[in-house]
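The chains referred to below are lettered A, B, ... by the order of the sequence lines, with proteins before strands, and numbering in each begins at 1.
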Amino acid sequence: MLESGVVSAKPHIDRSGPPLLSVRGLKKHFPIRKGTFGRVVGQVKAVDGVDFDLWPGETLGLVGESGCGKSTTGRAVLRLLEPTDGSVHFDGDDVRALDKEGLRKLRRRAQFVFQDPFGSLNPRMSVGAMLEEALKVHGLGGPNRRDRAVELLERVGLRSEHVDRYPHEFSGGQRQRLGIARALSVEPDFLVLDEPVSALDVSVQAQVVNLLEDLQRELGLTYLFIAHDLALVEHVSDRVSVMYLGRIVETAFSHDLYRDPRHPYTHALLSAVPRPDPAGREDRERVVLTGDVPSPSDPPPGCPFHPRCPNPRKDGRCSTVYPGAETAGDGHSAACHYPYFKV
Amino acid sequence: MDMKTLTEGRRMGRQLLFVGALTAMAACGSEPVQRPIPGVAFCQEVLPAVEAYVAQARQANPVPDDPRYGGTAVLGSIGELADGMNAAVSSDYSATQHQQFVNLMTLIDYDENLEPRPYLAERVEIAEDNTSVTFHLRQDVFWHDGEQTTADDVAFTYEVVTNPLTAFPNAAYWDRYVQGSEGVEIIDDFTVRIHMEPHAEFLDPFRSLGILPEHLLGDVPPQELKQHPFGTQCPVGNGPFVFYSHSAQDRWVFEANPAFPEALGGRPFLDRYIYRVIPEQTTLLTELLTQNIDVYSGVAPDQAQRILDDANTELVDFPSRQYVFVGWNARRLQLADPRVRRAIAMGTDRERIVEAILQGYGTVAHSSVPPFHWAFDEGRIETIEYDPEEAAALLEEAGWTDRDGDGVRENAEGVSLSISVKYNQGNQQRQDVAEIMQSQLADIGVEVQPQVVEWATLLQDINTPELRNFDGVVMGWVVEFKLDDMDLFHSDRIDQPFAWSGTENPAIDRLLVELGTAVDRNMARELWAEYQNVLIEEQPYLFFYFPSRLIGVSSRLENVTMDQRGVWLSARDWYIDPASR
Amino acid sequence: MSDAQTAGASLLAVSDLRTWFHTDQGVARAVDGVSFEVRGRETLGIVGESGCGKTVTSLSVLGLLPQPPAKIQEGSSIRFEGEELVGASTKRMRALRGNEISMIFQEPMSSLNPVYKVGDQIGEALRLHRGMNKRASRAEAVRLLTEVGIPEPDRRVDEYPHQLSGGMRQRVMIAMALSCEPQLLIADEPTTALDVTIQAQILELLASLRDSHGMAVLLITHDLGVVAEVCDRVVVMYAGQVVETGTVHEIFQDPQHPYTRGLLDSLPSVDDPGQRLRSIPGTVPNPIAWPHGCRFKDRCSLAGPGCEKPQDLVELGVDRAARCWRVES
Amino acid sequence: MSRGPETVVEQPVSGYAASARRPGGRGLSAVLPGLPQLLGGRWGTGAMALLTWLGMGLILAARSDRVLAATAGGWDQRVALATLLLALLASWIWSWREVAEADRLKTVGVSQWDLAVRAFSKNRTAVAGMIVIVGLYLVALLTPFIAPHDPNTQYDLLTNRLVGMSAEHPLGTDQFARDVLSRLLYGARISLSIGFVAVGISVTIGTLLGAIAGFFGGFIDGAIMRFVDMVISFPRLILLITIIAIFEPSIFLIITVLGLTLWPSTARIVRGEVLSLREREFVQAAEALGYPKKRIILRHLIPNALAPVIVAATLGIGNTIVLEAGLSFLGLGVQPPTPSWGTMVAAGRNNLLGAWWLSTFPGLAIVFTVLSFNLVGDGLRDALDPRLRS
Amino acid sequence: MTQYVLRRLLGAIPLVLGIATIIFFLVNLAPGDPTLLLLSPGVTDEVIQQMRENFGLDQPVHIRYVKWIGAMLTGDFGYSFTHSRPVADVLMDFLPNTLILSASALLVAFLFGIVLGTIQAVRQYSAMDSSLSVVLLFFYSMPSFWLALMLILTMSLYARNVWGLPIYFPASGMMSTDYEFLSAGGKLVDRVKHLVLPTLSLALVLMAGIARYMRGSMLEVVRQDFVRTAHAKGLPERTVVFKHALRNALLPIITLVGLYIPFLFSGTVFIETIFAWPGMGRLIVEAIFQRDYPVVMAGAFFFATMVVVANLVADLLYAVVDPRIRYE
């Protein structure tokens, strides 16, 4: 296991070429049904118009509080959930227009790693069977799939004798490695990582994060990293998007976002994160938001954040007009009429 | 009696009714028990009248000072009195019995020698040439609502039951009577004459046909009679017991009729008689043994010993008018030859079966004539006895030999002598018959496959002339005192539902016709003996046995007489031992 | 409020607590010799990874563990205001619970009874311990809801838990815990199930209530950030034992035990991104078979010959200790 | 496959190792299969193997004539012969292999099913029920070798009818002087097959339809589930009576009809499971990996939805046996002379006060069989539910 | 709420109609003709034809079906062939009896099932727990008609005649033959005495399932966090179990009511026969055998309706006790 603590430089990411993944106006609404006949009485607007690009080899972090739509975005991009509206292009192909065969091909190139290490593995399948199945379905691994399965296990830091074991015989961290191995089995270019470490203990989190970084470097993978832990996202991501009520409110290079949050929500979010540093706790400026997140079935008009917004410049425009996300020259965009700027 | 008296009689009835209503109202205060009255207009009209009449009659006829009077007797049986007291449409044994002995009255009944005896008719005149019979009615019989029973009622009843629209179930009764209104003549209020052609045992139908009240049912179209509330919801009779209440599939409650004619024994001893429906025999036995019922009608033979063993119960057994048989479908290749049918009879040990299944409560049957019947003469019939060797020989003779050594005989074409025997579900005795036959006939190389079929389906299988989907069928048949096998065996009726066997035998045809018209019993006896011998030779049925009817009776119930005339024969004489009331 | 508690006086003293579970597979020594002290008006944090025994410790204090399978071993002592709670009568424990010592839990959704109104649930303890009648307890419940910052308390008091948001439910739990003015509040992962912005609200509320009510808080958490934000002193637990104690500053700025250090190192740092994370290898051992000797040695980068024998807590100063032979007192 | 040496395993995880550790375990198992396991503390499976082995041996010894004759006998005798040999072989091979290959078996992972088996084997009442059931099925299959008399032979109707218990007829004779014990044994085959086959039919149909309804949802789901609702809301007995009354009751009809009316509850269970499984991430993972729908249903959904189905099926077998008895009460059961427990109870019930043994023994047979199925079902429920297992 | 009930009832119409249709065709296509059951020798074809006409059987099945559905929607269920009365009247006689029996069986079964299940859960793994399980399962495993007969023999016949116990129960019927002469109190006692054995026969079978369910439900609830909260408040064990745990554990039990109703109705077929209880189960079975189509169809219709209503009631009850559910 690589535990050297060596700082490894990431290869340069070329953002002048075409993006690997390009998402525009993505929407996913879930109908609310009632009664015997399933009348649709409303829509939960889980994702309500999301745009982002992702270039080969980079990691885009997607953060937000629970219910903001980040997981739904991740699933809708890979059509694990059928998007309601918008476009998704993967390597130039229109994902929403793919037929069955095209979808199958997409799923070899784009994979998903799930949050719950206990729920994401079929409890009745041995590790070997699980990995071999993926190979078999996609006709990979040649005649000796078992060898390939063992290879995958070793690649994610498990041992070859684990191949006949069952998921429940592994610890949470090990299971997450298994989930990664399964995703890697089809040799994808792109992984959606949906809160891959949030169910793990801190010390194990670090193991898995390191593994993911190693894999990215070695295999040239592209990640969409979904998480609610801001510090972690900052650590792993090249760029970060912050979501609130189904929309991206701010996107920036991670360094910039944390030093210079422009959207009042991002600002509040960052200030709310407890820092493992008792020294500065008394004199740290902290913004405590009031109230709860509104229901996504009935989002406020205008800027969805305006009812809780602490921005002193807030005015009537906020409650009527949705602020578009203008991308500044530094690649930093914030969907706010009155963004904060560092003076 | 002329018309005038009749109207007077009716008026008198109405006056009585009025008085009765007053007394009933008075009685209401002291007597909180209220008769349940069904929510049907007819009943709501009729039952209060009955109530009033009974109350009045009670006052008029005080209970004699005799300890035997009083108390309630309960009889339990597995089935409902189907169609209740509606004599025009009912065919159920127990229901008919209640019509005869409990709630209604018949024109005549039988004495212990099964000879006709006056009942509602106090005198019966038969024309010299046997073409008509005249009934002179008693003049002291009143319907339970106070109206008098008259010749109108008899004429009405006769017309109704002979009207095809009514669909009277025992239509064979009237084969040789002049049917409809031409057949009946009201001589005067209490005299009625019925016309017929001469035939055997012509009085028998009037023993079982309860007379119905014309004043209540006269306006009912015949085809609606079956659905009329009279039958099961508020019958109004004229017999020894007055209908009190009925809850379906549960109980019938009758009360003593205080005004029942003194000459016929007067008011019954019991205050109340209750008929209860208890469908499960173990429950019935328990109820008898725990003294919740006084009479258990229809004891299973296996339960008999238990009743005999108990100090508080007695067992009454008497020959029933029913026989159990296996009807052969002679249209089938295997059964077409009478020799095969005789061989089967020889290969079946019926003595033993009676002993085993009926615990000896029954007699082996050789023909359709019950042993107690006057037409029965053992000395003159040649019975087939159990003889497997002879049976085997007969089968060989008929060309059935076990050619492939599998234990079952085949004929020259290789058709094996394999017969399915159907019986209806839920009848243990018939199932037993089929099972024992299967075992016994295997010894002579005949394969029997018992097959249980649900009752309605079975009837469809065997009764539909185009279908006749059976080889053999285990059935029971109830005979009247007037024996008549026309429908069963006469070749003219081979396309009628009951010609199960489909045999055609000129001798049988001839005898059946002659028997039907033989008025003289002495002459008829000869014919019956001949008929039975032909029947035994022909074997359209394998007659099994006449089971005895077994009745468990609590020892506190006295004066119980039961014989082939019926279970309820002496119901009006039953009384509860005063010491154990 | 009792006069016995002035700041700094010992309120709860746990010593050599051993809570074992008897299971089919064997004896799980979930808590295996834990000692610490909570003083009046302070916030003591117990921090550790899942399975280290921190929750079992807190439940042992109130005697809330089902027995069997749990059993507090002979020689364990839990003293509250000098009174021994191990072996105390059920009646005494009941009188204490919710009254002198209260507790709030991780899942505010499932910790409230779904079929009773929140007002009833808050008032229940008041009626039980304070002998209030229904009306008085309801009025008090409204006051408490106001105090924990729930808008429209008059309306909310008659609502059912499912009608409230996660943050509000935790506020209700806090109101319930505060109802009898306890001297000690045990908060077991009170913000783990909440979002960061709500977590900030709740932590702020807890801190202000601690000050206004003058109570002590025993905070159980796995989140070092939360500890750093609100605790005065910290107990670090690993494998059923206390591995290090100290003030919050000592623990964060000068961790002595390799585990504490490893834990802090494995946190991604906001100030230093791009740095490869330093993880602790391996996984938390199974409580049925703790490793022999030092329980951390299999994961410890410094493990050596001295780690083969069981480690004792080495006193490093006032309220300062670490369970490692390498540290020098 | 190579067999490892008998080594001492460091940490006994299960009884495998325990029995392997016992010196001479292999030799012991060669003579008395099940004994090493029994001594190793796995009394349930051990006793089952040992009893099977001993029982089969006993039959071979005591009824060698019938066994020999069976080679040329009818199909049921051949089935009995096959059962006898298979049971002997199975108990021996199982026990021996387990002892001999303990090491190899230990390196293989422990599946959910293995865990369930372990949890189940700790439940004493359930294991007792299991032993009874396995014993019953063996007895049923081996009846031609065991039964003292022919079930349909009527002995002398005058002397042998309704005789109580005797050496010749241990459970007495019935109204046709047939041996009640023999009929009881033959009845076991009928009653047990009715339960087994009917439930087999219903589970197959129910599982497939439930999985399809749950997986595809929408109109298919609606149509299937409305039909399920309809069948479920109807008192099943009345439906059964109607159908059986229409056709002539035969054992095949009864089995089919019972099977065809039982499936809706299975379908409901499976649908519910599938609906919740669909939300599970491993199913989403399978979709993300582009697996075909058929594969997802058959390999990922159904195996995981099966636990409650197995429980329901076990309980269902018991219920079906009781239901068959009920149909017999109404005269719609299996046709005579074929003995089924239900028809025996129903036929003997009028004689409860006279010849109590007629319905009491088959009645008790039903009670204890169904009780065993229920105990096993309960045991399985606990064993298969990971939440209850811990 | 009212709207919800109405919507549910409306939604149930296709269900009930579907059931009625299945039964109609099953029964009508069954071989066997009701007229054949009433025939005696000597009938002419004319009479048979007349009878069929009187019964309305002279038309083809599909016409009869349409007519039947049409009539039923107007509340007319036709005439019973065997009872010779309007079917609606017949049902009105039998339905209350079945309802009394079912209701008392449900009551007893749920009462004891819940109590026993709770005891089992509270004393999980104790000897009491397992022996209660086995005893309840013992009754559950009996064919219900056999159980009923055993009860009759022991609690009626032997109790009275052999053991001479002071308390024994009548083996049949709904009331004594002298019922109407009893005082009001006497009437009540009499009816209860008659209810005991049939109720017990039905309830003993149901009880095992309910207790088992209750035990599971209770065990699941006591593991939940809010029970720990209740303990943490210092509530006595009794309050925790009976106030906090029990009410939550009862929630899933309520849905059992709806599930058990069809099961119960099936049971009444046997129980009503054995205890001579004039109820619907017996009525329908006898009607099937007698090919009394109008009664079978109306009875099936009523059973199905009652199942639907029972489910609805269960759902509404659920809403009453579970504040999380509100129907609009």
Side-chain angles (χ1 to χ4, degrees), chain A residues 36-38 71 74-75 78-81 100-131 133-138 161-170 175 178-179 182-183 185-186 188 191-192 194-195, chain D residues 1 13-14 103-119 217-219 221-223 225-226 229 273 276-307 309-310 384-387 389-390:
Chain A
T36 341
F37 304 108
S71 277
R75 281 168 162 75
L78 291 192
R79 272 181 68 189
L80 283 181
L81 290 170
K100 217 171 148 186
E101 186 50 36
L103 204 57
R104 216 173 69 86
K105 284 200 181 113
L106 169 74
R107 286 181 178 172
R108 262 205 62 192
R109 297 194 56 199
Q111 268 303 310
F112 209 97
V113 175
F114 294 89
Q115 166 179 13
D116 178 9
F118 295 87
S120 60
L121 303 175
N122 186 339
R124 304 218 179 264
M125 262 191 180
S126 72
V127 168
M130 173 184 84
L131 295 174
E133 183 181 34
L135 297 169
K136 190 175 156 202
V137 169
H138 288 280
E161 68 255 34
H162 288 145
V163 76
D164 279 329
R165 302 245 170 212
Y166 288 85
H168 64 91
E169 296 174 278
F170 294 91
R175 285 190 221 204
L178 287 172
R182 177 179 56 195
S185 65
V186 295
L191 287 183
V192 176
D194 185 6
E195 306 251 17
Chain D
M1 202 165 282
V13 180
S14 70
D103 279 349
R104 197 189 62 78
L105 290 170
K106 208 194 149 274
T107 61
V108 174
V110 183
S111 72
Q112 291 282 309
W113 301 115
D114 295 333
L115 284 181
V117 168
R118 282 186 203 171
F219 176 76
D221 183 30
M225 291 329 284
R226 285 302 78 71
D229 282 348
E273 285 289 313
S276 77
L277 283 172
R278 281 204 69 178
E279 302 301 312
R280 293 273 292 277
E281 288 182 342
F282 72 85
V283 177
Q284 295 182 0
E287 286 180 39
L289 281 159
Y291 295 171
K293 286 186 164 60
K294 200 177 120 202
R295 183 177 200 94
I296 295 178
I297 293 180
L298 292 178
R299 301 258 314 174
H300 295 268
L301 291 177
I302 289 185
N304 283 290
L306 226 45
V309 173
I310 291 172
L384 288 171
D385 190 341
R387 283 173 307 160
R389 201 157 51 208
S390 55

Going from CG on A/N122 to CG on D/L277, what distance comes out if it is rounded to the nearest 0.5 angstrom?
-> 9.0 Å
Per-residue contact mode, D/R295 against chain A (heavy atom under 4.5 angstrom) | side chain
Which region of A/M130, side chain (C-beta onward) or backbone (N, CA, C, O), has a non-hydrogen atom less than 4.5 Å from a non-hydrogen atom of chain D, or is it both or neither?
-> backbone
Interatomic distance, CD@D/E287 vs CZ@A/R75, rounded to 0.5 Å, equals 10.5 Å
Considering only heavy atoms from C-beta outward, does the side chain of A/F112 approach that of D/Q284 to under 4.5 Å?
-> no
Greatest number of non-hydrogen atom pairs under 4.5 angstrom with chain D, of A/D116, A/V192, A/V186, falls to A/D116
Rounded to the nearest 0.5 angstrom, the CZ-CG distance for A/R124 and D/L306 is 7.5 Å
Rounded to the nearest 0.5 Å, how far apart are OH of D/Y291 and CD of A/E133?
-> 4.0 Å
Please report the closest heavy-atom contact between A/S120 and D/A285, naming both atoms and the distance.
-> O-CB, 4.4 Å
Of all the heavy-atom pairs spanning D/G290 and A/R104, show the shortest one and how long it is.
-> O-CG, 3.8 Å
Quick one: what part of A/H162 sits under 4.5 Å from any heavy atom of chain D, side chain, backbone, both or neither?
-> neither
Of all the heavy-atom pairs spanning D/P292 and A/V137, show the shortest one and how long it is.
-> CD-CG1, 4.1 Å
Atom group of A/L78 that falls short of 4.5 Å from chain D, counting heavy atoms | neither
Ranking A/A134, A/P167, A/P188 by heavy-atom pairs under 4.5 Å to chain D gives rank one to A/A134
Given side chains that start at C-beta, do those of D/L289 and A/R107 come closer than 4.5 Å, heavy atoms only?
-> no
